[in-house]
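Remember, it's a predicted structure, so these values are computed and weren't measured experimentally. Order of the sequence lines sets the chain letters (A, B, ...), proteins ahead of strands, with each chain counted from 1.
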Amino acid sequence: MQHQQITHQLTVYNSLNRKKELFNPLKPPFVGMYVCGPTVYGDAHLGHARPAITFDLLFRYLKHIGYSVRYVRNITDVGHLESDSDEGEDKIEKKARLEQLEPMEVVNFYTIQYHRMMDRLNVLRPSIEPYASGHIVEQIEMVKKILEKGYAYQSSGSIYFDVVKYSQSHHYGILSGRKLDDLLSSTRELSGQDEKRNSADFALWKKADPLHIMRWPSPWGEGFPGWHMECSAMSSKYLGKEFDIHGGGMDLLFPHHESEIAQSVIANGKPPVRYWMHNNMVTINGQKMGKSLGNALSLEDFFTGSHPLLEQAYSPMVIRFFMLQAHYRSTLDFSNAALQAAEKGLKRLLNAVREVDQIKAEISAERHDVVSIQKAAYEAMNDDLNSPVAIANLFEAVRLVNSVKEGHHRIHPEDLEVLKQFFEVFVFELLGLSEEDENQDQELVNGLMETIIQLRQQARQRKDYATSDLIRDKLAEINIQLKDGKEGTVWERK
RNA sequence: GGUCUCGUGGCCGAGUGGCUAGGCAGCGGUCUGCAAAACCGCCUACAGCGGUUCGAAUCCGCUCGAGACCUCCA
């Protein structure tokens with residue numbers, strides 16, 4: 001394979017030390033990767049696309065540089081409480097009651113929708129996609145272990161993790177930088193806290209009150225698992241007690257990931273994760289986009305353009321390209337102008353990728369340092385997945401391709417071959433961009449267009465510009481654009 | 001209130017001590033019947049103030065501004 005000549009010194013930013021580190025998997029060539037997936041109780045929105053695309057890029061790149069990756073991304077269908085206390089109602093259950101549906105019906109509906117949206121974004125399916133509700137047994141087993149080791153206590157039928165005891169011998173806050181004293185002192189008065197010994201403690205298992213629909217039998221009565229259990233239980237089941245990468249949104253850093261570490265350290269005897277990776281948030285007008293803020297635009301909204309904030313529809317590939325043009329650890333601010341800029345840039349890139357198959361190489365041509373461009377793109381990827389810089393290098397190649405096409409430069413066969421490889425690998429395989437034109441009638445359309453272009457050409461030859469312009473304008477009305485060049489006329493959809 | 005992050009040209013967005021990404025928009029040119037596309041050229045920024053240094057967007061301090069987390073959220 002082409003890329004094996006290039007040294008791969010992949011570094012990733014590890015939230016654990018806030019530093020970039022050389023990536024060394026525990027058992028090469030295998031890599032275990034776990035990413036927090038969606039809670040399936042509502043429409044997939046722009047915020048869901050960020051981690052999905054970020055870790056899709058990582059998944060693709062790890063495979064490309066030769067690793068065998070097991071990528072686990074969960075579906076959360078139980079366990080997240082609605083309100084700000086442990087008295088809250090389960091999200092899935094609340095939605096189910098609202099719509100008079102079975103909880104599993106809600107889960108199914110939104111899971112399918114999530115998958116459909118991710119498919120359109122060309123996000124690869126993970127290797128394993130476990131459901132929290134399908135791993136109640138594993139979660140109960142893990143709670144039992146923590147109880148046996150004395151780091152959890154039972155209170156009114158629920159089981160809580162004893163953060164204060166844990167802190168005496170371990171570092172609660174190792175990930176988030178949170179200090180226990182601050183946690184204990186700054187926490188507000190919340191209802192339902194009286195079951196806990198300390199406000200910083202978190203639930204491992206919650207007793208279900210009589211009205212609660214989602215409930216499972218356990219050694220402590222009927223209930224449901226606590227907020228953070230599923231990820232710990234499922235990641236250790238499928239990836240082992242210690243695995244390479246755990247990803248998710250930055251907002252999950254505390255308390256979710258911090259608590260996962262504490263649970264796993266007690267239950268399994270060691271820190272679960274070697275590299276913690278967190279993507280940053282998507283903002284809208286500078287403010288975080290979130291369901292609770294009422295400014296979450298669904299992916300469907302973007303694809304159809306049917307939202308007051310949107311001036312037009314934005315295709316899945318535009319959304320994907322837009323996200324990849326920013327580094328995953330930066331916030332990304334949404335706006336119509338930014339999306340439109342991305343749309344045009346993507347079009348220019350894909351046009352050039354198409355052109356590269358048309359241009360002719362010449363053995364006598366001057367040489368271009370295309371290998372350096374390709375190398376720079378790899379270096380960018382190795383530098384904590386710097387996709388914006390990789391894309392910048394792609395545009396360097398775009399300029400070269402266009403300039404050869406224009407006849408300003410000629411190109412050597414070897415250089416052309418490198419360029420083709422470069423586009424193929426980076427644009428399609430790694431960045432996961434794809435041509436969106438999946439028209440079944442493409443051949444028919446091509447034939448029709450050929451005829452129309454010929455007729456127009458004849459009109460132009462006899463200087464009948466009224467006719468030639470009419471053809472062009474009419475086609476423009478149905479979003480087909482004609483472009484007259486030296487080699488003749490080509491067309492494309494706008 | 002506590003913890004943390006950030007402030008880059010008209011817009012988006014890379015860049016963590018010297019070599020001044022990239023995209024979009026704009027301007028000038030080439031090409032063209034006109035247009036579009038493409039190509040060439042131009043626009044050369046780092047919130048403010050002070051400090052460290054031969055040299056700072058990049059390190060340190062202060063000020064101002066924005067955001068995140070502390071509570072379900074990707």
| Partners of A:Arg320 by salt bridge (Lys or Arg N to Asp or Glu O under 4.0 Å), sequence neighbours excluded? | A:Asp56

Rounded to the nearest Å, what distance is computed from the [atom1] atom of residue [X] to the [atom2] atom of nucleotide [N]?
{"X": "A:Asn74", "N": "B:rA74", "atom1": "CG", "atom2": "C1'", "answer": "11 Å"}
{"X": "A:Glu396", "N": "B:rG23", "atom1": "CD", "atom2": "C1'", "answer": "12 Å"}
{"X": "A:Asp201", "N": "B:rU71", "atom1": "CG", "atom2": "C1'", "answer": "16 Å"}
{"X": "A:Arg472", "N": "B:rU32", "atom1": "CZ", "atom2": "P", "answer": "15 Å"}
{"X": "A:Asp469", "N": "B:rA36", "atom1": "CG", "atom2": "P", "answer": "13 Å"}
{"X": "A:Lys347", "N": "B:rG23", "atom1": "NZ", "atom2": "C1'", "answer": "15 Å"}
{"X": "A:Arg348", "N": "B:rC39", "atom1": "CZ", "atom2": "C1'", "answer": "10 Å"}
{"X": "A:Leu175", "N": "B:rC70", "atom1": "CG", "atom2": "P", "answer": "14 Å"}

Side-chain donor or acceptor of [X] under 3.5 Å from a matching atom on the base of [N]?
{"X": "A:Asn386", "N": "B:rG13", "answer": "no"}
{"X": "A:Asp484", "N": "B:rC34", "answer": "yes"}
{"X": "A:Arg18", "N": "B:rC4", "answer": "no"}

| said: Taking the six-membered ring of A:Phe254 as reference, does the cationic atom of A:Arg178 (NZ for Lys, CZ for Arg) lie under 6.0 Å from its centre and within 45° of its axis? | reply: yes

| Is A:Tyr465 stacked on the base of B:rG33 when the test is centres under 5.5 angstrom and planes under 30 degrees? | yes

| said: Could you write out RNA chain B as dot-bracket? Rules: Watson-Crick or G-U wobble, both distances under 3.5 Å, brackets [ ] for crossings, | for pairs with another strand, dot for unpaired. | reply: ((((((((.[[[)....(...]]].(((((.......)))))....[[[[[..)....]]]]])))))))....

Expressed as a whole number of Å, how far does the [atom1] atom of [N] sit from that of [M]?
{"N": "B:rA56", "M": "B:rG17", "atom1": "P", "value": "14 Å"}
{"N": "B:rC62", "M": "B:rC24", "atom1": "P", "value": "41 Å"}
{"N": "B:rG10", "M": "B:rC42", "atom1": "C1'", "value": "15 Å"}
{"N": "B:rA47", "M": "B:rC6", "atom1": "C1'", "value": "11 Å"}
{"N": "B:rC34", "M": "B:rG9", "atom1": "P", "value": "38 Å"}
{"N": "B:rG26", "M": "B:rA21", "atom1": "P", "value": "22 Å"}
{"N": "B:rC11", "M": "B:rG29", "atom1": "C1'", "value": "25 Å"}

| request: Before giving the answer on ring-ring contact (aromatic ring centres under 6.0 Å, His included), spell out for A:Phe202 and A:His228 the whole-Å C-alpha distance, their side-chain angles and the decisive distance to 0.1 Å. | output: CA-CA 9 Å; A:Phe202 56 87; A:His228 318 300; 5.3 Å; yes

Counting the atoms with a prime plus P, OP1 and OP2 as sugar-phosphate, which does [X] contact under 4.0 Å by heavy atoms, base, sugar-phosphate, or nothing?
{"X": "A:Arg399", "result": "sugar-phosphate"}
{"X": "A:Gly47", "result": "base"}
{"X": "A:Val282", "result": "base"}
{"X": "A:Met281", "result": "base"}

| field | Residues A:Arg456 and A:Asp484 bridged, charged N to O under 4.0 Å | value | yes

| query | So does A:Gln457 have more than 12 non-hydrogen atoms from other groups sitting under 6.0 Å from CD? | reply |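 More than 12 within 6.0 Å, yes.
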
| Does A:Leu252 have any side-chain contact (heavy atoms from CB on, under 4.5 Å) partners at least two apart in sequence or in another chain, and if so, which? |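 So A:Leu252 forms a side-chain contact (heavy atoms from CB on, under 4.5 Å) with A:Cys36, A:His256, A:His257.
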
| Separation between CG of A:Leu346 and CD1 of A:Ile319, rounded to the nearest 0.5 Å |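 Atom-to-atom, A:Leu346:CG and A:Ile319:CD1 are 11.0 Å apart.
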
| query | Relative to the ring of A:His48, is the ring of A:His45 parallel (under 30°), tilted (30 to 60°) or perpendicular (over 60°)? | reply |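 Plane angle between 30° and 60°, so tilted.
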
